[in-house]
Amino acid sequence: MSKVDDIDNLVAARIVLKSSLENSKALASALDSTGQRLEGMKQRLPSLEVAVRHVPRKKSTFFAIREHIDRAIGPAAAVLKVYDTIQGLQKSILSHPCSDLSTYLLMVKQLKESLKFLTGNCGLAIQWLEAILEFLEDNAVHDDLYILNVKKSLGILQELHATEERAWLSGGIICAAFDKLENEFKQLLMENCIHVVLDMDIFSSSIGNEASIASSPLPVAVIQKLQAIIDRLDADNRLEKCMSTYVEVRSLITERSFRALELNYLDQSISEFDDVQDVEFYIDQWCRHLEFAVKHIFEIEYKLCSDVFEKNGPEVWMDCFAKIITQSGILSFLHFGKKITMCKNDPLKLLKLLDIFSILDNLRVDFNRLFRGPACIEIQTLTRNLIKGVVNGACEIFWELPIQVELQRRSSPPLNGSVPRLVSFVTDYCNRLLGDDYLPLLTQILTIQQSWKQEKYQEELITNQIYYIIKQIGLNLDVWSKAHYDFTLSYLFMMNNHCHFCSLKGTKLGDLMGESWLKAHEQYRDYYMTLYLRESWGKTFALLSQESRISSSPTGGFVGDLAKKRLKSFIEEFDHMYQKQSNWVVPNEDLRLKMCKLVVQAYVPVYRSYLQNYGFRAETDASASRRVKYSAQGLETMLSSLFRPKLSMSGSTKHNRLIGKIKDIVTDNFRLTLTAA
């Protein structure tokens, strides 16, 4: 049993050994081929070593920049999205804003925000791409295509990053949008602004009435649109251009209104050698025009500037207002008034200066309100200078008036015995100064000048000055009356002048001088009238008086010759007296009629009686020896026609011209002395 087992074991061992031998041969063959392969691998190992060495390094490079790439992707995606939005907004903004202004303004705002967003995201993406490119270059990555793509992307982003800057440049989309808004702003002003239509009734009724101040000529909706445009432009530092456009348009509107007033006279050259009388009409126009300009034109501009630029503050809209009214001609108004203060001094100038002061005083509240602040400093300065010139000029003339009246004493009295032009002019002038129109103004001007001198105004200043003026007139009359060598003419002259003073009863000057003063002149008037009648016609008719009559019978030859001789002497004296007095004048019609009546009643009956007593007749059928030159009725007619002022037959127009010439002559004479002083 054991033997069989041993044989089986040997057979199995033999099989194992045989199998091991075959495996050894195969292994030897395999080792041989493996050795050859290892030898080849050994030969390729250096190059493989180099290749394998770069693989982990490249993988680590891309791993290192992965974070930069991820951070650049977000901004780049946002850039693409916002760029599409910008492209769409650009097309809309190139349209005209008038169709829908609010939408257009919203699009401009969105475009600005989009461009800002684009710039911000481009900046971020550019930062990360620049970091990637720098990393690649620092790590010597030799992938040209990859680096080229990075650089190309970086260039695109840099180009997009400059989009906002280009949009603000001239010709850029933002600049174009603002230009369109500015044009729309100007168009709204031009289409909706209505210049003031002049109605000449305004000058007589509306001026001075606060209710007549015009409201803003622009509808509320238009003002809101203008404000919206201003807000948008102001936010982008374009307010100055907006203001200049507004000033340009509104100045054209106001200039158009002023053109209708025909203000060319404001540029008229006036010097100290010119007379106020030559420009009196222009001064009256100036007063009306200035008041109209302030209350109906400048008031509109003030309110409109305040409404349109309300949100920008008073400094902005007051600056616009000041420029508008300056360009419209407010300075020309003030310069013209100043030129008037530099004209020659004369009484008329005082009245015109009071007129100018009146209008300036009436507009004082408006001036202080409209022309306040630093923007109107030039207007304020010119106004102060004008007021100063008016006050000082008026006071200078007023204080000189008595002196100038005294200087007229050297002139000659009128040859016709009437009231000297200076007397009637001065009394009328004083009445005007004391009237309700001028007295308050004169009082106010004197008060102002006294305050400038740190002195208190005395109420009797004006009345004392008027008293002094009238006193000088009285002294002039005394001198002038002595200049007449004919006593009868001197009496007539004094009678006329005292009558002129009597006629002041019920006037401002008469009330100032008092009742006793007026009664004294009445007494002097009657006194000189009595002297005149006695020394002129009284002596003439004395030739026919009872004492001189011939007591004998009128039929006697000697008596008849004597009566005819007496009558002839009377006629000759009468003709001489009548011829001499035919040019004399009694300006007061009531006094003239009274004098003629007294002469007729006192002396014509004497003449009639004389003719009847001695049989003289004026009829043509009377005998030549008994015929006389004048009948009693004819004599009465001649005496009743005496002392009439010589007027042209053309009526009141000529009369008014004569009065005007008289005033001109008196004013001219008065002006000469004022200027000489």
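Salt bridge R369/E299: present, at least one basic N to carboxylate O contact under 4.0 Å. The existence of a salt bridge linking D284 and K352 is confirmed by a sub-4.0 Å separation between a basic side-chain nitrogen and an acidic carboxylate oxygen. A salt bridge does not link K241 with D234: none of the charged nitrogens is closer than 4.0 Å to a carboxylate oxygen.
For the pair D355 and D437, the minimum side-chain heavy-atom distance is 4.5 Å or more. Residues I230 and Y246 fail the side-chain proximity criterion, which asks for heavy atoms closer than 4.5 Å. By the 4.5 Å heavy-atom criterion applied to side chains, Y282 and L266 are not counted as neighbours. Counting heavy atoms from C-beta outward, C395 and I445 have side chains that approach closer than 4.5 Å. The closest side-chain heavy-atom distance from T443 to E459 is not below 4.5 Å. In this structure, the side chains of F501 and M513 stay at 4.5 Å or more apart for every pair of heavy atoms. The shortest distance between side-chain heavy atoms of I470 and L512 does not fall below 4.5 Å. I448 is not listed as a side-chain neighbour of Y457, based on a closest heavy-atom distance of 4.5 Å or more.
Taking CD of E460 as the start and CD1 of I462 as the end, the distance is 10.5 Å to the nearest 0.5 Å. The distance from atom CZ of F333 to atom CD1 of I359, rounded to the nearest 0.5 Å, is 11.0 Å. Rounding to the nearest 0.5 Å places CG of L226 at 13.0 Å from CD of E310. How far SG of C305 is from CG of N312: 11.5 Å, rounded to the nearest 0.5 Å. The CG atom of L252 sits 10.5 Å away from the CD1 atom of I324 when rounded to the nearest 0.5 Å. Put simply, NZ on K339 and NE2 on H335 are 8.5 Å apart, with the number rounded to the nearest 0.5 Å.
Remark: the backbone N or O of G373 is paired with a side-chain donor or acceptor of Q380 at under 3.5 angstrom. The main-chain N or O of E248 is never found under 3.5 Å from a side-chain atom of S251 such that the two would form a donor-acceptor pair. Distance alone, capped at 3.5 Å, places no donor-acceptor pair between the S306 side chain and the Y302 backbone. Between the K349 side chain and the C343 main chain, a donor and an acceptor come within less than 3.5 Å of each other. Not a single donor-acceptor pair under 3.5 Å links the side chain of Q227 to the backbone N or O of K311.
Crowding of K505 atom NZ: a count of heavy atoms from other residues, nucleotides or ligands under 6.0 Å not exceeding 12. Atom CD of E262 is surrounded by 12 or fewer heavy atoms from other residues, nucleotides or ligands within 6.0 Å. E378 CD: 12 or fewer foreign heavy atoms inside a 6.0 Å radius. Residue E255 places its CD atom among more than 12 non-hydrogen atoms of other residues, nucleotides or ligands, all under 6.0 Å distant.
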Passes salt bridge (charged side-chain N to carboxylate O under 4.0 Å, His left out), R238 versus D179? Steps please.
CA-CA 10 Å; R238 303 268 293 210; D179 290 342; 3.1 Å; yes
Side chain to side chain contact (heavy atoms under 4.5 Å, CB included) between L382 and K338, worked out:
CA-CA 8 Å; L382 289 176; K338 184 62 176 178; over 6 Å; no
Would you check, one step at a time, whether the test salt bridge (charged side-chain N to carboxylate O under 4.0 Å, His left out) holds for D307 with K303?
CA-CA 6 Å; D307 290 343; K303 188 177 188 310; 3.2 Å; yes
Decide side chain to side chain contact (heavy atoms under 4.5 Å, CB included) for L354 and L350; before the verdict, give the C-alpha distance in whole Å, the side-chain angles of both, and the deciding distance to 0.1 Å.
CA-CA 6 Å; L354 292 177; L350 172 56; 4.3 Å; yes
Between L386 and T341, does the side chain to side chain contact (heavy atoms under 4.5 Å, CB included) criterion hold? Intermediate values first, please.
CA-CA 8 Å; L386 174 57; T341 65; 4.2 Å; yes
Test W286 against I356 for side chain to side chain contact (heavy atoms under 4.5 Å, CB included), laying out the working first.
CA-CA 9 Å; W286 180 86; I356 292 175; 3.6 Å; yes
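Across all their heavy atoms, K508 and N431 have their closest contact at N-OD1, 3.2 Å. K344 approaches V276 most closely through the heavy-atom pair O-CG2, 4.3 Å. Across all their heavy atoms, K323 and V247 have their closest contact at CB-CG1, 3.8 Å. Heavy-atom minimum distance, H289 versus L261: CE1-O, 3.5 Å. Summarising the geometry of L422 relative to Q408, their closest heavy-atom pair is CD2-CB, 3.3 Å, with the distance given to 0.1 Å. Considering every non-hydrogen atom in both C430 and I466, the closest pair reads SG-CD1, 4.0 Å.
A side-chain donor from one of D361 and Q444 sits under 3.5 Å from a side-chain acceptor of the other. Side chains of H500 and S424: a donor-acceptor N/O pair is absent below 3.5 angstrom, by distance only.
If you run side-chain contact (heavy atoms from CB on, under 4.5 Å) between L351 and each of D346, L433, I397, only L433 comes through. F298 pairs with exactly one of F292, F258, F321 by the ring pair (Phe, Tyr, Trp, His ring centres under 6.0 Å) rule, that one being F258.
Separation of the Y265 and F281 ring centroids does not fall under the 6.0 Å cut-off.
By the 6.0 Å and 45° rule, R372 does not stack over the aromatic ring of F367.
With sequence neighbours left out, K388 forms a side-chain contact (heavy atoms from CB on, under 4.5 Å) with N392, W452.
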